[in-house]
Amino acid sequence: MSQTRSIAVTVNGRTYEKTVETRRTLVDFLRVDLGLTGTHIGCEHGACGACTVRVEGEAVRSCLMLAVQANGKSIVTVEGLAQGNALNPLQQAFWEKNGLQCGFCTPGMLMTISEFLEEVPSPTEEEVREALSGNVCRCTGYQAIVDAVLQVAAQARAEKEAV
Amino acid sequence: MKPSPFTYHDPQSVAETAAILSEVEDCRLLAGGQSLMPMMNFRFVQPSNLVDLNGVRELAFVREDAGRIAFGAMTRQRTLERSAGLRESCPIIPLALSHVGHRQTRARGTIGGSLCHFDPSAELCNLAALHEAELVLARRGGERALPFAEFGVGYLTTAVEPDEFLREVRFRRWPQGHGYAFEEFAMRHGDFAICAISCLVTLAPSGAVDDIAIAVSGVGAVPFRLGEAEASARGERPGHDLYRALATAASKVEAMSDSYVSAGYRQHLARILTYRAVKSAVENAGMRAAA
Ligand code: FES
Ligand code: FES
């Protein structure tokens, strides 16, 4: 009795038309149907944040959305951050500050922070920690991630002041 | 895991939703999905029919008038958190929402979904008790409005019938400049509250308590008010003695116990957090009135 629907979803600027089971989660759609495996699945019940993507600009857990709910929507995943081989400033800061070890949580971290910094360009450390409350990392102890976020925010401020 | 198969319905209006609910059996309503989707992924819940309310735009609104504030059931928590209007008229809402899950879950989570899930520790259920909420349930051919006390029947259980759905929530509106506080204890930021206390207060020109409301959640199977204690506080001068009397009343409520947290610990938290909440609400009432 599985039921299917045709959907059209724009991911990282490219529009995909697919027929999916209505019970397909958005994260499985991205990973399995589109082959965009940068988005990770840690828990599949909304606890870890590894699956965070941006839907219409908002950071959401893609394991808690159905693919059919993304019909007509525009999504950005971690694959949409870099320009070719050039890391974006946030990714670069993670690299420089050792903001990742195994890297499993990293896609979710990056997507969450990319939204947060648009909203709060000059955050305090406490604000960064609160913004990351929905993303679990088992490796870094978070300090290196917080450092990376604060570094990229400081860089952006300096660049703005220089203009 | 993945959800088991279901028939997916995506109504675009309240009327269409009511019509579907009058016809299908074994059905779940999908609001923000921040509780139902995990339960479906775990297969704790395996509905034959899923009615997705995310396309029903008429269910997302905030309307304020003199006596009350009305919310459409599908209004996102993030929308409430960011609303400049509510920051003025009902500042406890954004304050309490900062404790609700995480930014990613608030982007999807809705006020109606949270109320209908009716978790005993949910901040929005606490606020509904605090504001003497009225809940409008719609069904094909009619609707009814329930006071909060009749809406919440028990642990994770509401009075919503299988062919009904929550359309609107109405909060009592407090006068401009009222004092407010929301105190919560959880193991980590965004975790379920072990205890949360909310308080609203207005002061008379004499400085005495004019009106006060205190709601307790996370402690009992449903959130509740400290009705008797509130009544005895009206007309009293705020200060340590009054805060302590209210805190003592809060510590005597019946409390749940589970494998992590004993009833006694919940009562202890209720006492401490009530003292803090009332004190801080009184203090900011004074400041806001003076401003
Ligand atoms: S996989 Fe979605 S929150 Fe863990
Ligand atoms: S780097 Fe390994 S989980 Fe975060």
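Proteins come first, then strands; the chains are lettered A, B, ... in the order of their sequence lines, and each starts at number 1.
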R57(B) CZ: over 12 foreign heavy atoms closer than 6.0 Å: no
Atom CZ of R139(B) with >12 non-hydrogen neighbours under 6.0 angstrom: yes
CZ/F104(A): more than 12 non-hydrogen atoms of other groups inside 6.0 Å: yes
Neighbours of chain B found in residues 51-76 of chain A - heavy atoms under 4.5 Å: T52(A), E58(A), A59(A), V60(A), R61(A), C63(A), L64(A), M65(A), L66(A), V68(A), Q69(A)
Donor-acceptor pair, side chain of Q3(A) and main chain of P5(B), under 3.5 angstrom: no
Neighbour count >12 (heavy atoms, 6.0 Å) for atom CZ, R129(A): yes
Minimal non-hydrogen separation, G101(B) against S133(A), with atom names: O-OG, 4.5 Å
CD/E118(A): more than 12 non-hydrogen atoms of other groups inside 6.0 Å: yes
Donor-acceptor contact present, side-chain N41(B) to main-chain H45(A), <3.5 Å: no
Side chain to side chain, H102(B) and N135(A), heavy atoms closer than 4.5 Å: no
Heavy-atom contact with chain A under 4.5 Å, split by part of Y8(B): both
Portion of R188(B) that has a non-hydrogen atom of chain A nearer than 4.5 angstrom: neither
Interatomic spacing from NZ in K2(B) to OG1 in T25(A) - rounded to 0.5 Å: 5.5 Å
Contact class of L30(B) relative to chain A, heavy atoms under 4.5 angstrom: side chain
Heavy atoms from other residues, nucleotides or ligands near CZ of F61(B) exceed 12 (cutoff 6.0 Å): yes
Contact origin within R76(B) toward chain A - heavy atom pairs under 4.5 Å: neither
Option in R5(A), E21(A), M111(A) with maximal non-hydrogen atom pairs under 4.5 Å from chain B: R5(A)
Any E130(A) side-chain heavy atom under 4.5 Å of R103(B) side chain: no
